[in-house]
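Contents: one structure, followed by commentary.
What's counted below: heavy atoms across the whole structure, side chains too, no hydrogens, waters or symmetry copies.
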Amino acid sequence: MTSNVNLGNPSQVLPEETEVDQSQASKTAKSNNNAGGEAITSVELMFAKLQNDLAIENREYAKTKIDGIKEKQRQAKEMSDAIVAIRSAITDLKDDDKITPEKIEKFDEIKAICEKHGIELPFPKDLENAINTLKQTIAGKKPGDQILVSGIKDINNVRSVLRGYGINATTKHYPNYTNISTRDLLAINKGVGWKHVSCNDIQEIIDNAVSTTKWLKVGTLKDIIQSLQDKQSVIGSDTQQDMIFVQDFMSKVSSYSQGAISAIGKSGDVLTAVARG
């Protein structure tokens, strides 16, 4: 049996508590006592109770599914809001352009939504790895300690990543080389004998690199939009399936309720006939 239930507003799907009124059963039992002196155990009444229990059980199943639909609809709505906010911030920008999170309305909320749904945030992973390498290099050391550049783990890759993002250090601890950039600071430049670098300068490089991760590439943000849309599609499919389940449960509620009412009616007919002799 298929029920034509409109699930546009899930809160309106379930009727009031569907429980068969047992007063009729009580009246028929009382009538039987008056007529015959002893209560007759009615198969119809037992069947009516079973049908009523099944109706209540399926109603609870439907309610659980509807609560799930409401939550899915809420998630889909917050994803739509996130997509609109990102699109508004990158309108007319090219994929290689960069913007700061502050340019995106409610970015912290968008970030939380992405994390909740397993969507990787668009911060550069390669730069994050380079930062972690430098942090490990100076861990446990004093600010003025000197580090042999060639001893920095994976230095060639770290240097390449930093160059790619144009990260510079002011080298304030080396007043004779105030304009030296990161690419020179972490290079073994025999011309100036630059084979060591202080932990202070490495920390400055780290600080500049962390600041750089606050920039978001437009192309990456477009990927985030696509990921959110993919999640929306999955939620939409799950919601449609849940709606089918709700329709099935509600159809059963109606069927079981009618069965209970019918059984009570038959029981009343039987008891009336017995009473009449």
Any carboxylate oxygen within less than 4.0 angstrom of a Lys/Arg side-chain nitrogen, looking at [X] and [Y]?
X: Glu71; Y: Arg74; value: yes
X: Lys72; Y: Asp242; value: yes
X: Lys222; Y: Asp95; value: yes

(message) Would you say Gln232 and Ser80 are linked by a side-chain donor-acceptor pair, where the criterion is simply a distance under 3.5 Å?
(response) yes
(request) Establish, from distance only, whether the side-chain atoms of Glu128 and Asn132 form a donor-acceptor pair under 3.5 Å. (result) no
(message) Closer than 3.5 angstrom, by distance alone: can the side chain of Ser88 be matched with the main-chain N or O of Val84 as a donor-acceptor pair?
(response) yes
(message) Checking the side chain of Thr133 only, and the main-chain atoms of Asn129 only, is there a donor and an acceptor separated by less than 3.5 Å?
(response)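 Indeed, once roles are kept as given, a pair shorter than 3.5 Å links the two residues.
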So [Y] and [X], do their side chains get closer than 4.5 Å, heavy atoms only?
X: Asp145; Y: Asn200; answer: no
X: Lys231; Y: Gln75; answer: no
X: Leu127; Y: Leu162; answer: yes
X: Leu50; Y: Met46; answer: no

Approximate separation, where rounding is to 0.5 Å, of [X] [atom1] and [Y] [atom2]:
X: Asn52; Y: Phe47; atom1: CG; atom2: CZ; result: 11.5 Å
X: Asp223; Y: Leu228; atom1: CG; atom2: CG; result: 11.0 Å
X: Gln51; Y: Ile56; atom1: CD; atom2: CD1; result: 12.0 Å
X: Met250; Y: Ser255; atom1: CE; atom2: OG; result: 12.0 Å
X: Leu93; Y: Lys217; atom1: CG; atom2: NZ; result: 14.5 Å
X: Asn58; Y: Tyr256; atom1: CG; atom2: OH; result: 6.0 Å

(request) Would you please test Asp207 and Gln203 for side-chain hydrogen bond (donor to acceptor under 3.5 Å, both in side chains) and show each step? (result) CA-CA 6 Å; Asp207 292 342; Gln203 183 60 56; 3.0 Å; yes
Joint hydrophobic cluster, [X] plus [Y], side-chain heavy atoms closer than 4.5 Å:
X: Leu54; Y: Phe245; value: no
X: Val210; Y: Ile152; value: yes
X: Phe249; Y: Met243; value: no
X: Ile90; Y: Ile113; value: yes
X: Val246; Y: Tyr61; value: no

(request) Start with the C-alpha distance between Ser198 and Ile202, add both sets of side-chain angles, then the distance that settles side chain to side chain contact (heavy atoms under 4.5 Å, CB included), and finish with yes or no. (result) CA-CA 6 Å; Ser198 75; Ile202 291 180; over 6 Å; no
Please report the shortest heavy-atom distance between [X] and [Y], naming the atom on each side.
X: Ile235; Y: Met79; result: CD1-CE, 3.9 Å
X: Lys141; Y: Cys199; result: CB-SG, 3.8 Å
X: Ser257; Y: Ala55; result: OG-CB, 3.6 Å

(request) Report, as yes or no, whether the 6.0 Å neighbourhood of atom CD on Glu105 holds more than 12 heavy atoms from other residues, nucleotides or ligands. (result) no
(request) Just do the side chain to side chain contact (heavy atoms under 4.5 Å, CB included) check on Lys116 and Glu78 with the steps written out, would you? (result) CA-CA 12 Å; Lys116 182 169 63 177; Glu78 68 180 11; 2.9 Å; yes
(request) Carefully, step by step, assess Val218 and Lys94 under the rule side chain to side chain contact (heavy atoms under 4.5 Å, CB included). (result) CA-CA 7 Å; Val218 171; Lys94 298 179 181 178; over 6 Å; no
(request) Decide yes or no on side chain to side chain contact (heavy atoms under 4.5 Å, CB included) for Ile131 and Leu134, but give the supporting numbers first. (result) CA-CA 5 Å; Ile131 291 171; Leu134 294 179; 5.9 Å; no
